Amino acid sequence: MDRIQDNAELFEQLLERHPDAIHSVGRDGLIIYANATATQLLGYSNEELVGMPISNLYAPELMGLVESGFNRLRREGELSVCDSAVLDKDGKRIAVE
């Protein structure tokens, strides 16, 4: 195994074991990665989350804020942290940062 592959595997293990819910979203707004904490918190399987539009997770009244944050990320490469809320599979609101 080469060093790059070792580092990639270590990084993946760190993400999977991280106590915070972590997900990654493609430019098209679809979730491309979700760690185990995210699946547990939200009540979805990984297969359900990956490929889901990120807009399905955020409380509807916050979508304007979420979309402006993603637009800023696309333009400037920066994402600011803010208080928000997501909805789990059963529709329960969960406060997130």
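A quick note: this is a predicted structure, and the numbers were derived from the prediction, not measured. These numbers come from the heavy atoms of this one structure, side chains and all, not from hydrogens, waters or symmetry mates.
In the hydrophobic clustering of this structure, Leu30 does not group with Tyr33; members are Ile, Leu, Val, Met, Phe, Trp, Tyr whose side-chain heavy atoms approach within less than 4.5 Å, directly or through other members. By the criterion of side-chain heavy atoms lying less than 4.5 angstrom apart, applied directly or through intervening Ile, Leu, Val, Met, Phe, Trp or Tyr residues, Leu15 is not grouped with Leu42; the two fall into different hydrophobic clusters. In this structure, Val25 is a member of the same hydrophobic cluster as Tyr58, with clusters built from ILVMFWY side-chain heavy atoms closer than 4.5 Å.
Within the 4.5 Å cutoff, the side chain of Tyr44 has heavy atoms near those of the Leu57 side chain.
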Stepwise side chain to side chain contact (heavy atoms under 4.5 Å, CB included) test for Leu73 and Asn71: CA-CA 5 Å; Leu73 177 62; Asn71 287 336; over 6 Å; no
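Applying the side chain to side chain donor-acceptor pair (under 3.5 Å) rule to Asp28 yields no partners; only residues at least two apart in sequence or on another chain are considered. Remark: Glu67 engages Met63 in a side chain to side chain contact (heavy atoms under 4.5 Å, CB included) (not counting sequence neighbours). The side chain to side chain donor-acceptor pair (under 3.5 Å) search around Gln40 returns none, not counting sequence neighbours.
Here the shortest heavy-atom pairing between Gly43 and Glu48 reads O-OE1, 4.4 Å. Here the closest heavy-atom approach between residue Ser84 and residue Val66 is recorded as OG-CG2, 4.4 Å. In terms of heavy-atom proximity, Leu49 sits nearest to Thr39 at CD1-CG2, 3.8 Å. For Asn35 against His18, the heavy-atom pair with the smallest separation is ND2-O, 3.8 Å. Here the closest heavy-atom approach between residue Ala21 and residue Ala38 is recorded as CB-CA, 3.6 Å.
Few gaps surround CZ on Arg74; more than 12 heavy atoms of other groups in view lie less than 6.0 Å from it. Applying the 6.0 Å contact sphere to CD of Glu16 captures more than 12 heavy atoms from other residues, nucleotides or ligands.
To the nearest 0.5 Å, atoms CD1 (Ile54) and CD1 (Ile32) are separated by 10.5 Å. Atom CG of residue Asp90 and atom CG of residue Asp88 lie 5.0 Å apart, to the nearest 0.5 angstrom. Here CD1 of Ile31 is found 8.0 Å from CG of Asn56. Values are rounded to the nearest 0.5 Å. With rounding to the nearest 0.5 angstrom, the CZ atom of Arg93 is 7.0 Å from the CG atom of Leu87.
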